[in-house]
Asker: 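Here it is: the structure, laid out below.
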Amino acid sequence: MAKDPGRVLIFDTTLRDGEQSPGASLNLEEKLAIAQQLARLGVDVIEAGFPFASQGDFAAVQRIAEQVGGDDGPIICGLSRASKADIKACAEAVDPAPKKRIHTFIATSDIHLDHKLRKSRSEVLEIVPEMVQYARSLVDDVEFSCEDAARSDPEFLYQVIELAITAGASTINIPDTVGYTTPSEFGSLIEGINKNVSNIDDAILSVHGHNDLGLAVANFLEAVKKGARQLECTINGIGERAGNAALEELVMALHVRRTYFNSFFGRDESCPTPLTAIRTEEITKTSRLVSNLTGMVVQPNKAIVGANAFSHESGIHQDGVLKNRLTYEIVDARTIGLSDNKISLGKLSGRSAVRARLEELGYDLNREDLNEAFARFKDLADRKREITDRDLEAIVSEQVQLPDALFQLRLVQVSCGTTLKPTATVTVVDQDGLEQTSVALGTGPVDAVVRALNSLIEAPNELIEFSVKSVTEGIDALGDVTIRLRHENKLYSGHSADTDVVVAAAQAYMNALNRLISVEGTSRIHPQKDTVVSKLKPVI
Ligand code: KIV
Ligand code: ZN
């Protein structure tokens with residue numbers, strides 16, 4: 001591909017850097033569901049994971065390469081450190097995709113070289129061409145990243161980048177790994193690379209950045225002005241520490257301010273051609289799916305996808321918007337797929353109506369999953385008069401969490417009130433069909449349920465978050481519960497929605513326990529830490 005594709009390429013790393021957020025680990029089905037939605041959203045590249053990390057990560061990248069990367073679909077990419085074993089595993093995992101990429105990286109800042117890698121600059125100058133060439137011997141599309149580029153000596157960076165391009169890298173990525181830089185500094189760095197790397201015209205310049213100072217999106221937009229043409233970002237900005245640059249914010253900035261950015265692409269100011277290939281109407285749905293499956297709640301005031309992003313509280317604003325929307329709104333909510341789409345599904349709706357609506361929402365379920373979704377729909381319709389799109393999304397996203405479940409919640413019953421001691425009875429069934437029941441008292445109904453479940457399933461943990469929000473308005477709304485548990489310094493999340501918040505809490509807790517138990521049984525390597533983050537433990 002030429003150095004300038006004439007627009008910005010969106011490289012989504014929700015499933016790799018996003019999944020490095022504490023507590024955001026996803027199972028294979030969940031990763032697949034997110035990857036399918038990212039393809040519908042129209043991202044150019046999906047970084048599906050770090051295949052060398054574990055068998056589970058390898059399998060997820062491979063499944064995504066098989067099922068999501070079509071000829072017209074996104075490039076499927078895997079991350080690998082600059083080592084042969086990593087690169088080989090990555091090549092095998094992405095192999096089924098018609099369009100595949102290996103993304104290999106090594107740190108270039110002195111602080112990382114001295115303290116993390118314990119390597120000299122000259123060693124790095126030897127490793128880079130060797131590893132890029134090796135990756136190129138396995139796939140045609142190789143991306144190379146200089147980890148901690150924003151804190152690296154620019155002169156050294158130029159040398160590394162030149163060698164990587166000569167060795168065959170067609171994308172060069174410049175990460176602000178620790179979220180340290182400012183927009184003008186980052187812009188100058190990109191400008192300097194464009195000026196001083198002799199073969200830079202043979203590669204696309206990409207940027208990657210973390211949000212430690214809240215500047216990631218601003219840094220990227222400055223980089224675009226200086227010639228960066230690939231942006232590495234995540235849905236809802238999830239990722240290590242304060243997260244990555246948020247995809248929805250970047251895309252909507254380039255959409256809403258197209259006339260401002262057009263000139264940096266050599267276009268006429270009024271050129272109507274979009275600057276990205278993203279289908280913006282899919283943004284809201286993608287954001288909700290990622291939030292539901294990762295358990296990473298979106299803050300209400302979050303730009304573009306926060307619950308308050310389109311609500312006007314003050315009378316003056318409301319009055320202005322009623323007279324002319326443009327007085328206080330710069331984005332039409334419909335552009336990001338946010339509408340009050342109340343559909344007339346209810347108790348009497350049949351299977352085909354539910355299937356048709358799910359298809360319109362982008363969920364193409366197989367027969368078995370549709371049957372399951374329909375059963376859940378019927379159950380909900382008995383308790384709730386009107387079923388909205390958000391209710392359907394809650395039903396489907398919960399289903400995705402369940403296939404690998406080691407334990408299923410069969411029954412939950414509580415008694416509580418002003419004069420009663422909160423008491424819960426729960427029944428759990430394991431994969432062999434063995435059913436067990438327990439009763440416990442608690443300080444409240446949720447505490448009682450948690451105690452009863454803990455007495456049945458031995459997975460020591462500390463409950464660190466329990467949050468409930470309603471999916472829609474109204475007294476019969478579904479209560480959406482997110483639970484986060486800590487076990488040996490790692491976080492595990494579970495999510496569930498039900499008209500009964502205690503049932504939702506029990507199911508969310510069960511989902512989090514299932515995740516803890518299945519993740520605990522595997523070792524996983526962190527790509528940027530060089531250490532095994534969880535030790536092999538017998539499955540409980
Ligand atoms: O933040 C970072 O530097 C990364 C690299 C591995 C691209 O995530
Ligand atoms: Zn990163």
Side-chain angles (χ1 to χ4, degrees), residues 9-22 24 45-53 57 61 75 77-83 86-87 89-90 101-113 115-117 124 127-128 131-132 135 141-152 157 160-161 164 169 171-181 186 189-190 193 203-217 219-220 223 228 230-247 250 296 524-531 533:
L9 304 175
I10 298 294
F11 174 115
D12 181 278
T13 183
T14 305
L15 295 174
R16 198 279 297 171
D17 214 325
E19 213 226 359
Q20 287 175 213
S21 316
V45 187
I46 294 178
E47 185 162 57
F50 171 43
F52 193 74
D57 287 52
V61 176
I75 295 169
C77 171
L79 182 72
S80 60
R81 292 167 300 186
S83 88
D86 268 51
I87 293 173
C90 188
R101 176 180 296 182
I102 293 178
H103 175 194
T104 187
F105 75 98
I106 194 164
T108 48
S109 67
D110 289 335
I111 192 160
H112 274 231
L113 294 192
H115 302 287
K116 186 178 94 164
L117 297 182
V124 170
I127 294 169
V128 171
M131 290 304 130
V132 171
D141 183 350
V142 173
E143 170 170 335
F144 173 74
S145 282
C146 315
E147 192 191 11
D148 206 17
R151 290 193 301 171
S152 302
L157 264 192
V160 172
I161 295 170
T171 303
I172 295 294
N173 184 40
I174 307 300
D176 177 19
T177 303
V178 290
Y180 178 74
T181 197
F186 203 48
L189 180 64
I190 300 299
I193 291 169
I204 289 190
L205 252 180
S206 166
V207 287
H208 177 109
H210 288 264
N211 211 22
D212 300 63
L213 296 176
L215 293 172
V217 168
N219 289 339
F220 277 29
Q230 176 180 281
L231 304 182
E232 300 199 357
C233 43
T234 60
I235 302 296
N236 302 335
I238 65 170
E240 284 274 357
R241 307 181 310 279
N244 287 65
L247 180 148
L250 290 163
M296 306 276 296
R524 198 157 185 236
I525 296 170
H526 187 292
Q528 290 162 273
K529 289 202 180 110
D530 256 12
T531 49
V533 289

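All ligand and atom numbering here is 1-based and tracks the order in the structure. When reading the values below, keep in mind they use all heavy atoms of this one structure, side chains included, and skip hydrogens, waters and symmetry mates.
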Asker: Salt bridge check: are E147 and K116 linked by an N-O gap of less than 4.0 Å?
Answerer: yes
Asker: Could you please tell me which protein N, O or S atoms lie under 2.8 Å from the Zn ion (ligand 2)?
Answerer: D17 OD2, H208 NE2, H210 NE2
Asker: Using a distance-only test with no angle check, is there a side-chain donor-acceptor pair under 3.5 angstrom linking T234 and T14?
Answerer: no
Asker: Check this for me - ligand 1, D148, N or O atoms closer than 3.5 angstrom, yes or no?
Answerer: no
Asker: First locate atom CG of N244, then atom NE2 of H208, and finally report the distance between them rounded to the nearest 0.5 Å.
Answerer: 4.5 Å
Asker: Roughly how far, to the nearest 0.5 Å, is the CG atom of N219 from the CD1 atom of I174?
Answerer: 13.5 Å
Asker: Side chain or backbone of D17 under 4.0 Å from ligand 1, or both, or neither, by non-hydrogen atoms?
Answerer: side chain
Asker: With a 4.0 Å heavy-atom cut-off (strictly under), which part of E240 contacts ligand 1: side chain, backbone, both or neither?
Answerer: neither
Asker: Calculate, to the nearest 0.5 Å, the distance between atoms CZ and CG belonging to F11 and N173 respectively.
Answerer: 7.0 Å
Asker: Looking at CD1 of I106 and CG of D148, how far apart are the two atoms once the value is rounded to the nearest 0.5 Å?
Answerer: 13.0 Å
Asker: Quick one: does ligand 1 sit under 4.0 Å from the side chain of H112, the backbone, both or neither, non-hydrogen atoms only?
Answerer: neither
Asker: I need the minimum non-hydrogen distance between L157 and A149, along with the two atoms involved.
Answerer: CD1-O, 3.8 Å
Asker: Could you check whether T13 and E47, counting side-chain N and O atoms only, form a donor-acceptor pair closer than 3.5 Å?
Answerer: yes
Asker: When you measure from atom 6 (C) of ligand 1 to every protein heavy atom, which one gives the shortest distance, and what is it?
Answerer: R16 NH2, 3.8 Å
Asker: Could you see which bit of E232 sits under 4.0 Å from ligand 1, with heavy atoms only: side chain, backbone, both or neither?
Answerer: neither
Asker: Could you verify whether a donor N or O on one side chain and an acceptor N or O on the other, from E143 and Q230, lie under 3.5 Å apart?
Answerer: yes
Asker: In the protein, what heavy atom is nearest to atom 2 (C) of ligand 1, and what distance, to one decimal place, separates them?
Answerer: Q528 NE2, 3.3 Å
Asker: Just how far is it from atom CG of D12 to atom SG of C77, taken to the nearest 0.5 Å?
Answerer: 11.0 Å
Asker: Can you tell me how far the CG atom of D212 sits from the CG atom of D176, to the nearest 0.5 Å?
Answerer: 8.0 Å
Asker: What atoms of ligand 1 come within less than 4.0 Å of a heavy atom belonging to E147?
Answerer: 3 (O)
Asker: Have H103 and S145 got a donor and an acceptor in their side chains that come within less than 3.5 Å?
Answerer: yes
Asker: Can you tell me which residue and heavy atom of the protein come closest to atom 3 (O) of ligand 1, and the distance to 0.1 Å?
Answerer: T177 OG1, 2.6 Å
Asker: Below 4.0 angstrom from a heavy atom of H210, which ligand 1 atoms are there? Numbered from 1 as shown, please.
Answerer: 1 (O)
Asker: Report yes or no: does Q20 have a heavy atom closer than 4.0 Å to ligand 1?
Answerer: no
Asker: For ligand 1, which is the ligand I care about here, please tell me if N173 has any N or O atom under 3.5 Å from one of the ligand's N or O atoms.
Answerer: no
